[in-house]
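These notes concern the structure reproduced below.
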Protein chains: 2
Amino acid sequence: MIKKQAASTHDVRSPRNDGAAARMSDVARVARVSLMTVSRVLREPDKVLDVTRERVDAAIRQTGYVHNALAGGLRSQGRTKVVAAVVPSVRNSLFAGTLQGLADALRADGLRLALGDSDYSKAEETALIRAFLSLRPSGLVVHDAIRSTALRSVLARAAIPVVEVGDLSRRPFDLAVSYSNRLAAATMTRHLLERGYRRIGFVSLSPRLTRRALERLTGFETALREAGLEPDPELIAEAQPGFAEGGRTLVELVARRARPADAVFFAGDVHGIGAILEARRQGWDVPGKVAIAAFDDVEIAPEITPALTCLRIPRYEIGFEAGRRIIARLHGDPDESTRAVDLGFRLIVRAST
Amino acid sequence: MIKKQAASTHDVRSPRNDGAAARMSDVARVARVSLMTVSRVLREPDKVLDVTRERVDAAIRQTGYVHNALAGGLRSQGRTKVVAAVVPSVRNSLFAGTLQGLADALRADGLRLALGDSDYSKAEETALIRAFLSLRPSGLVVHDAIRSTALRSVLARAAIPVVEVGDLSRRPFDLAVSYSNRLAAATMTRHLLERGYRRIGFVSLSPRLTRRALERLTGFETALREAGLEPDPELIAEAQPGFAEGGRTLVELVARRARPADAVFFAGDVHGIGAILEARRQGWDVPGKVAIAAFDDVEIAPEITPALTCLRIPRYEIGFEAGRRIIARLHGDPDESTRAVDLGFRLIVRAST
DNA sequence: CTCGTCGATGTTAACGTTACCAGACAACAG
DNA sequence: CTGTTGTCTGGTAACGTTAACATCGACGAG
């Protein structure tokens with residue numbers, strides 16, 4: 001009597017697909033196991049016998065198999081193990097610290113970061129977020145606040161953790177990990193007032209370009225009014241990105257005004273550094289003739305002469321905490337009560353004020 | 001006689017899925033068309049009648065539908081409209097120019113950039129590339145050369161355009177758009193030799209950290225030997241990333257050597273800037289006591305005093321051309337003959353040499 | 001008046017993976 | 001020797017989209 005051999009799927013049924021990228025069934029055939037066993041080796045290796053797992057691992061190496069997150073994500077929750085992040089500009093190294101923290105936090109949970117650059121355009125930001133959402137990421141981090149209602153409703157349906165990291169002034173859409181631009185700017189302004197400066201200039205990127213510039217301006221004006229001073233429109237200027245613009249606006253506020261500034265607070269980009277360099281070119285004493293303060297503690301700020309007074313934003317920590325919150329949410333951990341986390345800032349007083 | 005109404009799929013068959021993210025079938029139901037028509041509106045709108053398209057567009061807005069690239073990519077070529085890029089560090093603004101160019105070029109073709117950061121780790125780079133490949137991108141841009149054989153075979157099977165942008169010294173794995181680190185370093189070294197410097201120091205990141213450092217060192221040594229000089233190991237130093245390290249190594253090569261350097265070529269990171277700042281702190285005349293040259297034309301290089309002599313790498317153009325090549329390849333355009341494109345560099349001579 | 005063509009829309013069957021359940025078999029208690 | 005439990009592995013049906021083909025009128029040539 002001939003015993004009929006039980007036919008199982010992993011016998012010969014799946015056609016060899018030479019040349020093309022290996023699929024899970026190719027690995028299964030080589031390892032002489034079923035598809036499901038390969039799938040398990042990749043996702044829950046503990047549930048597979050050691051010898052089997054080794055055979056499968058060898059087959060994976062042999063075939064050069066790369067997991068297909070499209071198929072996998074489609075079938076399971078509909079999510080991929082990617083967190084998307086959108087920043088206004090990757091050229092600006094300030095955002096880089098946050099991204100580093102974020103990537104580090106996510107790595108611990110096997111999540112990867114996919115980064116996009118909106119180039120300070122709201123339309124591009126929306127398009128980018130939609131493009132990323134189409135990849136069904138596990139989470140989203142945005143540097144700007146979510147404002148458009150279209151975006152809000154799309155994100156609400158996506159049902160993924162969304163973290164805003166650029167400012168803390170509004171009620172967050174979902175989660176926020178950040179600092180208060182308004183409070184930080186007010187703190188620096190008070191510092192300048194305490195030092196005795198009264199004609200304080202303010203330079204930032206255009207408030208039309210980014211909401212943060214407006215928040216900082218508001219903080220600046222509030223602090224002045226607290227001290228009984230009325231902000232002088234003559235001493236408020238906008239600058240384009242880049243070192244050189246810091247120098248240009250410094251000269252404008254100090255040398256081209258009937259009543260010149262005795263201090264200038266550079267609230268955006270790397271303008272503070274450019275201003276220090278320009279002051280030296282002009283032969284101006286800093287802070288004797290004019291004090292200079294900046295918003296961000298860029299790497300070169302303590303190295304330059306005179307060293308630059310500035311605010312230190314815990315950028316790395318913001319990114320890291322954002323990542324932690326996303327992971328916690330994905331694991332279904334009870335919400336850590338607060339949806340908005342304020343990581344604060346520090347005033348670093350150096351020689352320039 | 002009651003005429004039986006023809007039953008079509010878009011009647012009532014698909015269950016309403018309230019709350020959950022909208023699917024294409026939800027849009028189809030709302031717009032009273034079939035699934036395929038919705039799909040066509042999204043991908044080839046010309047093939048759909050205007051009135052129909054408008055109905056579908058309205059339904060898309062109403063439902064808040066977001067395309068599912070997982071399902072779409074899975075069914076079609078198995079690709080998503082994303083190009084993945086992997087750089088050693090997003091903190092380093094030098095890579096940012098290339099990424100900007102890349103993103104700009106890709107945008108023209110409806111492609112998005114997804115960026116990852118390997119943190120200068122080969123293992124992490126490989127893991128990151130695998131993770132991105134699992135999302136089935138349309139192309140891949142890597143800053144470092146593809147070296148490991150495991151990665152090479154995986155990428156070969158992926159059958160997507162791969163562009164290396166960090167160096168041009170090796171035969172590219174697939175495509176390369178870059179410049180020659182060796183030639184650039186040699187050019188700067190010859191410039192210093194022409195100026196009459198003979199004890200030229202060389203500072204870079206560890207050649208173990210990145211292949212590019214080794215290429216630059218080789219170019220430096222080659223140029224010296226051409227001029228009949230033997231490189232002095234006493235004048236070759238490694239530095240960690242960061243401004244401060246530039247200052248430290250400058251002091252080391254100038255003040256801690258029996259026969260001090262009369263010029264130092266900083267081949268990595270922002271060390272050149274740090275060195276200029278340190279020289280001023282020390283009260284050293286630049287270039288009188290020691291000349292300082294740097295590899296990269298960072299934004300601040302012309303602003304500082306003395307302005308820094310350096311090499312200008314066309315970073316934006318490299319990114320843009322890399323994007324163009326990827327798009328051309330995806331469209332099946334005949335290979336523009338050359339697989340390796342050399343976009344060169346320029347020597348910018350300023351006051352520091 | 002018929003037939004072929006063309007443009008707009010619809011139907012069906014995949015794409016490669018994983019959730020869910022079922023089967024096989026070993027170990028062990030009674 | 002039987003029944004029960006537990007561990008490992010396998011079969012099958014989705015997930016939401018699109019390629020390929022099918023259908024259905026309208027329209028013009030012959």
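By convention in this document, chain letters (A, B, ...) are assigned in the order of the sequence lines, proteins followed by strands, and residues within each chain are numbered from 1.
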(message) Between P on D:dT9 and CD on A:Glu54, what's the gap in Å once rounded to a whole number?
(response) 12 Å

(message) Between B:Arg136 (side chain only) and B:Leu133 (backbone N and O only), is there a donor and an acceptor less than 3.5 Å apart?
(response) yes

(request) Figure out the CD/C1' separation between B:Glu44 and D:dA20, and round it to whole Å. (result) 12 Å

(request) Measure from CG on B:Leu35 to C1' on D:dA20 and round the result to the nearest Å. (result) 16 Å

(message) Please confirm whether the shortest side-chain N or O distance from B:Arg43 to OP1 or OP2 of D:dT18 is below 4.0 Å.
(response) yes

(message) Could you report the tightest heavy-atom contact between B:Ala59 and B:Val30, atom names first, then the distance?
(response) CB-CG1, 3.7 Å

(request) Return the orientation label for the B:His67 and B:Tyr65 ring planes: parallel under 30°, perpendicular over 60°, tilted otherwise. (result) perpendicular

(request) For residues A:Arg23 and A:Thr63, determine if any side-chain heavy atom of one lies less than 4.5 Å from a side-chain heavy atom of the other. (result) no

(request) Please tell me if the side chains of A:Asp144 and A:Glu125 come closer than 4.5 Å, counting only heavy atoms from C-beta onward. (result) yes

(request) Report yes if some heavy atom in the side chain of B:Arg53 is under 4.5 Å from a heavy atom in the side chain of B:Arg40; otherwise report no. (result) no

(request) Give the rounded distance in Å between these two atoms: NZ of A:Lys47 and P of D:dG10. (result) 16 Å

(request) Determine: side-chain N/O of B:Ser39 to OP1/OP2 of D:dT18, distance under 4.0 Å, yes or no. (result) yes

(request) Would you kindly give the CG-to-P distance between B:Asp46 and C:dT9, to the nearest whole Å? (result) 13 Å

(message) Distance alone, cut at 3.5 Å: any donor-acceptor contact between the side chains of B:Arg43 and B:Ser39?
(response) yes

(message) Under a 3.5 Å distance rule, please check whether B:Asp117 uses its side chain to pair with a backbone N or O of B:Val90 as donor and acceptor.
(response) yes

(message) Could you tell me how far apart B:Arg136 (CZ) and C:dC15 (C1') are, to the nearest whole angstrom?
(response) 11 Å

(message) Quick check on B:Lys47: does its NZ atom have over 12 non-hydrogen neighbours (other residues, nucleotides or ligands) under 6.0 Å away?
(response) no

(request) Report the nucleotide, chosen from C:dT18, C:dA8, D:dT18, that has the shortest atom-to-atom distance to any side-chain atom of B:Leu49. (result) C:dA8

(request) Please identify each residue that fulfils ring-ring contact (aromatic ring centres under 6.0 Å, His included) with A:Phe95, with sequence neighbours left out. (result) A:His143

Heteroatom pairs (N/O) under 3.5 angstrom, protein to nucleotides 21-28 of chain C:
none

(request) May I ask you to evaluate whether B:Thr37 reaches the phosphate of C:dG10, defined as a side-chain N or O under 4.0 Å from OP1 or OP2? (result) yes

(request) Measure from the side-chain heavy atoms of A:Met36 and tell me the nearest of D:dT17, D:dG10, D:dT9. (result) D:dG10

(message) Without decimals, in angstroms, what is the distance between B:Arg29 CZ and D:dT17 C1'?
(response) 17 Å

(request) Verify the contact: side-chain N or O of B:Thr52 to OP1 or OP2 of C:dT9, cut-off strictly under 4.0 Å; return yes or no. (result) yes

(message) What is the distance, to the nearest angstrom, from the CG atom on A:Asp26 to the P atom on C:dT17?
(response) 9 Å

(message) Can you pull out the residues from residues 62-75 of chain A that lie within a 4.0 Å heavy-atom distance of DNA chain D?
(response) A:Leu74, A:Arg75

(message) Check the phosphate of D:dT18 against B:Ser76, side-chain N and O only, distance under 4.0 Å to OP1 or OP2. Yes or no?
(response) no

